[in-house]
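Okay, structure first, notes after.
Every number for a ligand or one of its atoms is a count from 1 in the order of the listing.
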Amino acid sequence: MTAATTEPRVLASGTLDGLSALVTGAGSGIGRAVTQRLVQLGAHVTGLGRHEDSLKETGDLLDGPGGYDHRVCDVRDTEAAAAALVEVGESRGLGLLVNNAGGQFFAKALDISVNGWNSVLDLNLTSIFHLTKAAHPYLARTHGSVVNLSLSGVERGGMGMAHSIAARAGVLGLTRTLALEWATDGIRINCVGPGTVLTHALNDEASDHVLGNLVHKATPMQRPTPTADVAELVAFLASPAGALMTGQLLQIDGGAHLGAGLHMLPEAYR
Ligand SMILES: CCCCC/C=C/C(=O)SCCNC(=O)CCNC(=O)[C@H](O)C(C)(C)COP(=O)(O)OP(=O)(O)OC[C@H]1O[C@@H](n2cnc3c(N)ncnc32)[C@H](O)[C@@H]1OP(=O)(O)O
Ligand SMILES: NC(=O)C1=CN([C@@H]2O[C@H](COP(=O)(O)OP(=O)(O)OC[C@H]3O[C@@H](n4cnc5c(N)ncnc54)[C@H](OP(=O)(O)O)[C@@H]3O)[C@@H](O)[C@H]2O)C=CC1
């Protein structure tokens with residue numbers, strides 16, 4: 001058997017029967033793959049995002065025994081996002097929050113304005129704090145969990161990503177602090193750090209040179225991270241098999257965090 005297995009789906013059907021989940025950024029990429037897998041395993045997912053068409057498309061692509069609905073919302077509008085979560089919590093309860101919506105533009109620190117810094121921090125850190133806080137009462141009732149999508153290699157830093165790396169380091173600190181503060185409420189909270197995932201969004205941002213060449217060089221296992229692998233890990237953390245896992249950063253990256261890093265040098269930007 002080779003290490004490069006192409007089928008990461010190992011959890012038994014029915015593993016997440018009855019789970020109510022909220023996934024931010026469910027309309028594309030990793031969030032869509034996570035939604036698909038949770039629904040296959042029996043969960044009901046509410047997908048959150050800014051664009052109705054892509055959220056609807058996620059719903060059209062689902063196959064599985066679980067359920068799906070969506071809410072259009074910008075997670076940086078912390079009151080609107082919390083209100084959407086409360087609606088879900090009050091109507092169906094909440095056993096899992098996946099803070100997946102995120103991203104950044106690639107720029108050297110000296111080229112990041114105050115507004116640019118704030119927009120990335122708001123998206124990748126502040127919104128997560130407020131939404132997770134709003135989820136507390138519902139997760140306490142179900143002894144549920146939170147999964148925060150982060151990046152591989154945050155502790156190493158990454159050129160062109162000062163704002164995003166700072167935000168993700170903040171999310172890890174938040175994750176570990178809430179893991180401590182909420183453990184006795186029965187709530188677990190973890191981070192998943194994917195390596196490079198060739199989603200449309202990244203393809204739009206980075207040049208073919210980065211995606212076709214540097215990813216392989218910067219990744220000991222010489223391949224990008226498939227969305228399905230990330231989705232299985234999120235489902236595992238939400239399942240009874242993850243019941244003692246909290247405060248973790250699980251890097252699913254082919255060893256990329258051990259290497260020199262895939263730095264977004266200016267020549268790599270689109
Ligand atoms: C190392 C390689 C592996 C990478 C691993 C990570 C991969 C991924 O995350 S994949 C997803 C990739 N796609 C994205 O991340 C796209 C997501 N980006 C966005 O949604 C937006 O860029 C944003 C949310 C981060 C910012 O959006 P918004 O707040 O709407 O931005 P504005 O246009 O209003 O601009 C605000 C502010 O930011 C400045 N700015 C925007 N782009 C750049 C840039 N390329 N360089 C420098 N500054 C930029 C913009 O000028 C505004 O500032 P002011 O001009 O001072 O007002
Ligand atoms: N691709 C990669 O290589 C890696 C990605 N990651 C991280 O994983 C997460 C998902 O990435 P990926 O799937 O690639 O990215 P995508 O850009 O494909 O997905 C991000 C999703 O988040 C939604 N979103 C973005 N901003 C907001 C907002 N303000 N409010 C609500 N929803 C929003 C987008 O939908 P809409 O525009 O409709 O709102 C979109 O569906 C991100 O946090 C990303 O940084 C981590 C490691 C590597």
Using a strict 4.0 Å cut-off to heavy atoms of Gly195, name the atoms of ligand 2 that fall inside it.
3 (O), 47 (C), 48 (C)
From the options Leu151, Ile112, Val215, select the one whose nearest heavy atom is closest to atom 5 (C) of ligand 1.
Leu151
Is the backbone of Gly49 close enough, under 3.5 Å, to the side chain of Asp74 for a donor and an acceptor to pair up by distance?
no
Quick test of your reading of the model: are Lys56 and Asp69 salt-bridged, counting only N-O distances below 4.0 Å?
no
Which residue is it: Arg92, Arg71, Glu87? I am looking for the one with a side chain to side chain donor-acceptor pair (under 3.5 Å) to Thr46.
Arg92
The one among Gly25, Gly103, Ser119 that brings a heavy atom closest to atom 36 (C) of ligand 1
Ser119
When you compare ligand 1 with Asn115, is there at least one nitrogen or oxygen pair between them that comes in under 3.5 angstrom?
yes
Out of all atoms in ligand 2, which are within 4.0 Å of some heavy atom of Leu202? Include the element for each.
3 (O)
For Val120, counting its heavy atoms only, list the atoms of ligand 1 lying under 4.0 Å from any of them.
25 (C)
Indicate yes or no: does an N/O atom of Val197 lie under 3.5 Å from an N/O atom of ligand 2?
yes
Protein contact of atom 38 (O) of ligand 2 - nearest heavy atom, named by residue and atom, plus distance
His51 ND1, 2.7 Å
Within a distance under 4.0 Å of any heavy atom of Gly103, pick out the atoms of ligand 2 and give their elements.
45 (O)
For Cys191, does its backbone N or O pair with a side-chain atom of Gln248 as donor and acceptor, under 3.5 Å?
no
Around atom 11 (O) of ligand 2, find the nearest protein heavy atom and jot down its residue, atom name and distance.
Ile30 CD1, 3.9 Å
If only atom types and distance count, is the side chain of Ser239 paired as donor or acceptor with the main-chain N or O of Ala241 below 3.5 Å?
yes
Looking only at atom types and distance, does a side-chain atom of Glu52 sit under 3.5 Å from a main-chain N or O of Val72, one as donor and one as acceptor?
no
Numbered in order shown, the ligand 2 atoms found under 4.0 Å of a heavy atom of Cys73 are 30 (N), 31 (C)
Do Ser54 side-chain atoms and His51 backbone N/O form a donor-acceptor pair below 3.5 Å?
yes
Under 4.0 Å from a heavy atom of Leu123: which atoms of ligand 1 are those, numbered in the order shown and with their elements?
24 (C)
Contacting atoms of ligand 1, where contact means under 4.0 angstrom from a heavy atom of Ala201
11 (C), 12 (C), 13 (N)
Which atom names give the shortest non-hydrogen contact between Glu232 and Val10, and what distance separates them?
OE2-N, 2.8 Å
Quick check: Asp74 and ligand 2, any N/O pair under 3.5 Å apart?
yes
For Asp111, the ligand 1 atoms whose distance to one of its heavy atoms is below 4.0 Å
47 (C)
Is it the case that the side chain of Thr24 and the backbone of Ala101 share a donor-acceptor pair, with hydrogens and angles ignored and the cut-off at 3.5 Å?
yes
Could you tell me if Asn99 and Thr132 have a donor-acceptor pair between their side chains, going purely by distance under 3.5 Å?
yes
Hey, which atoms in ligand 2 end up nearer than 4.0 Å to a heavy atom of Gly25?
21 (C), 22 (O), 23 (C), 41 (O)
So, Ser91 side chain and Val88 main chain: donor-acceptor pair closer than 3.5 Å or not?
yes
State whether the shortest distance between N or O atoms of Ser113 and N or O atoms of ligand 1 falls below 3.5 angstrom.
yes
For Arg76, the ligand 2 atoms whose distance to one of its heavy atoms is below 4.0 Å:
29 (N)
Is a side-chain donor or acceptor of Thr225 paired with a backbone partner of Ile252 at a separation under 3.5 angstrom?
yes
Below 4.0 Å from ligand 2: does a non-hydrogen atom of Arg168 turn up there or not?
yes
Going by the order shown, which atoms of ligand 2 are within less than 4.0 Å of some heavy atom of Thr196?
3 (O)
Who's closest to atom 20 (C) of ligand 2 heavy-atom-wise, of Ser28, Ala80, Gly153, Gly29?
Ser28
If you measure from each non-hydrogen atom of Asn100 to ligand 2, which part falls under 4.0 Å: side chain, backbone, both or neither?
both
Ligand 2 atoms nearer than 4.0 angstrom to some heavy atom of Ala201 are 16 (P), 17 (O), 18 (O)
Single-linkage hydrophobic cluster Leu237~Val45, side-chain heavy atoms < 4.5 angstrom
yes
Quick check against the 3.5 Å criterion: does His44 have a side-chain atom that pairs as donor or acceptor with the backbone of Ser20?
no
A student comparing Arg76, Met161, His200, Gln104 should find that the heavy atom closest to atom 30 (O) of ligand 1 comes from Arg76
With a 4.0 Å cut-off on heavy atoms, is Gly193 in contact with ligand 2?
no
Tell me if a side-chain donor or acceptor on Arg188 pairs with a main-chain N or O of Gly247 at a distance below 3.5 Å.
no
Which of these, Ala101, Gly47, Ser150, Ala81, has its nearest heavy atom closest to atom 33 (C) of ligand 2?
Ala101
Is the closest heavy-atom distance from Leu123 to ligand 2 below 4.0 Å?
yes
Which one holds for Thr199 and ligand 2: side chain close, backbone close, both close, or neither close, with close meaning a heavy atom under 4.0 Å?
side chain
Quick one: closest heavy-atom pair of Val171 and Ile128, and the distance?
CG2-CD1, 3.9 Å
